[in-house]
Amino acid sequence: MSAALNLLRRDLGLLMPGGSGGSVLPLLFFLAVAMLYPFAVGPDAQLLARTGGGIIWIAALLAAILPLERLVKDDLEAGVFDQFALRGISEELAMAMRLVAHWMAFAPLLLLATFPAAALLGLQGETTRTLLLGLLAGTPGLAAVGLAVAALSATMRGGAALAGLMVIPLAVPILIFGAGALARPGPSALLLTAAISLGLCAVAPFAAGAALRAAREN
Amino acid sequence: MQAQLTATDIACRRGERLLFRGLSFECAPGEALHVTGANGIGKSSLIRIIAGLLRPFAGNVESTGTMGLVDERLALDENMPLGKALGFWQELDGCCSPANAFAILQLEPLLDVPVRFLSTGQRKRAALARLLNRGCQIWLLDEPLNGLDDQTSRNFEALVALHCGGGGIAVVASHQRIALPGATVVAIEEYAA
């Protein structure tokens with residue numbers, strides 16, 4: 001248990017903005033999309049209010065891809081997971097902790113940034129609330145998909161670009177239900193988003209751990 | 001619990017090539033093993049098989065006791081100061097007095113230097129410090145003398161001798177000459193497929 005906390009503390013130190021591997025770039029990217037969208041489609045308030053939520057979802061999805069390049073690769077190349085294995089720390093535990101740290105490094109800031117983004121797009125209070133809840137339910141799933149893909153592509157040349165492409169189709173269910181919640185009243189779409197997220201979070205550490213072990217063989 | 005390391009009839013395949021086969025050895029507490037051979041013959045692969053990081057193509061390895069590995073990969077965060085980067089592993093390993101190892105390996109002046117600025121030899125010394133501070137029973141060392149100066153090499157040989165004297169096991173893979181009194185030599189050429 002204390003080993004898990006040690007791992008989490010290290011991962012947070014690495015991934016948080018201000019840490020050696022972290023950056024505020026995903027956040028700025030997210031805000032930039034919300035800022036540019038009204039310029040692109042024009043100042044039609046009704047159109048912005050109707051489509052703004054979906055744009056924020058797309059921005060969140062793309063922002064979640066940005067940190068993937070350094071999420072697993074550096075530690076794999078440095079032999080960190082080999083040293084863990086010799087200490088009896090499984091790849092699954094290491095990946096579970098990294099999932100938590102990865103989510104904490106990008107999602108809370110993204111949720112905060114949703115307020116200025118919603119204001120820029122002129123979203124109503126009710127829409128903003130649904131959007132926030134949806135992002136809260138969906139971002140763990142995005143983080144899980146990102147982690148599994150980052151681990152799978154860590155040993156490939158040009159893996160980062162490929163990771164981005166691989167995340168997009170896997171994230172589509174989250175996007176459908178998460179953004180779909182904006183169009184339908186009632187909590188069912190949000191609950192489905194949360195269910196998909198939970199499923200992905202449960203599977204991701206095992207998929208990523210297996211990917212790390214497979215990476216040793218080549 | 002006494003350290004014990006036994007390898008039975010192991011073979012190693014990398015890609016399509018069979019590197020060696022039929023390799024067996026047994027290490028009792030206090031014994032050292034010197035794995036020799038030319039580049040690319042499978043020394044590092046043997047070390048990784050013993051560590052359990054690579055599956056042998058045939059045969060099996062049995063071990064009792066905690067294992068520590070020092071290879072060419074440092075596993076320290078490049079952007080952190082050395083002291084902080086090693087600190088993570090000390091906490092993980094439950095080491096309470098890291099200063100002794102730093103003194104032996106002359107790392108004290110380097111503790112504030114970010115890892116990425118360290119030279120090859122200094123990196124090796126940092127990895128050895130982590131090994132010393134963990135206090136494990138079986139040392140697996142892959143080319144430990146790479147980059148070390150003469151003085152540190154002698155110190156390192158003394159450290160291995162002390163470790164074995166205390167009932168530990170050391171497996172050292174090196175193409176360099178290294179003084180390991182009483183070590184069994186495993187020349188991988190003899191098992192080459």
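Numbers restart at 1 for each chain; the letters A, B, ... are given by sequence-line order, proteins then strands. Bear in mind the structure is a predicted one, so any value in this text is a computation, not a measurement.
Taking the ring-ring contact (aromatic ring centres under 6.0 Å, His included) definition, one finds that A:Phe177 meets it with nothing, sequence neighbours left out. Partners of B:Trp139 by ring-ring contact (aromatic ring centres under 6.0 Å, His included), not counting sequence neighbours, listed by chain and number: B:His163.
For A:Asp74, no part lies near chain B; criterion is any non-hydrogen pair under 4.5 Å.
Close approach to chain A, defined as a heavy atom under 4.5 Å from one of its heavy atoms, is seen in B:Arg48, B:Ala51, B:Leu53 of residues 46-53 of chain B, taken by number. Contacts from residues 101-112 of chain B to chain A, taken as heavy-atom pairs separated by less than 4.5 Å, involve no residues at all.
Within a 6.0 Å sphere centred on CZ of A:Arg129, heavy atoms belonging to other residues, nucleotides or ligands number 12 at most. Counting non-hydrogen atoms of neighbouring residues, nucleotides and ligands closer than 6.0 angstrom, the CZ atom of B:Arg116 exceeds 12 such neighbours.
We find the CG-CZ distance between B:Leu19 and B:Arg13 to be 10.5 Å, quoted to the nearest 0.5 Å. Once rounded to the nearest 0.5 Å, the distance linking CG of A:Leu111 with CZ of A:Phe30 reads 8.0 Å.
Distance alone, capped at 3.5 Å, is enough to place a donor-acceptor pair between the B:Arg73 side chain and the A:Leu76 backbone.
The minimum heavy-atom distance between B:Ile10 and B:Pro56, with the atom names listed, is CG2-CB, 4.1 Å.
Side chains of B:Ser24 and B:Asp9: no donor on one and acceptor on the other come within 3.5 Å. Side-chain polar atoms of B:Ser153 and B:Asp150 form no donor-acceptor pair below 3.5 angstrom.
Options A:Arg87, A:Arg10, A:Arg213 differ in how many heavy-atom pairs under 4.5 Å they form with chain B, and the most are formed by A:Arg87. The choice from A:Leu7, A:Leu86, A:Val80 that makes the most heavy-atom pairs within less than 4.5 Å of chain B is A:Leu86.
Using a 4.5 Å cut-off on side-chain heavy atoms (C-beta onward), B:Val70 and B:Pro144 make no contact.
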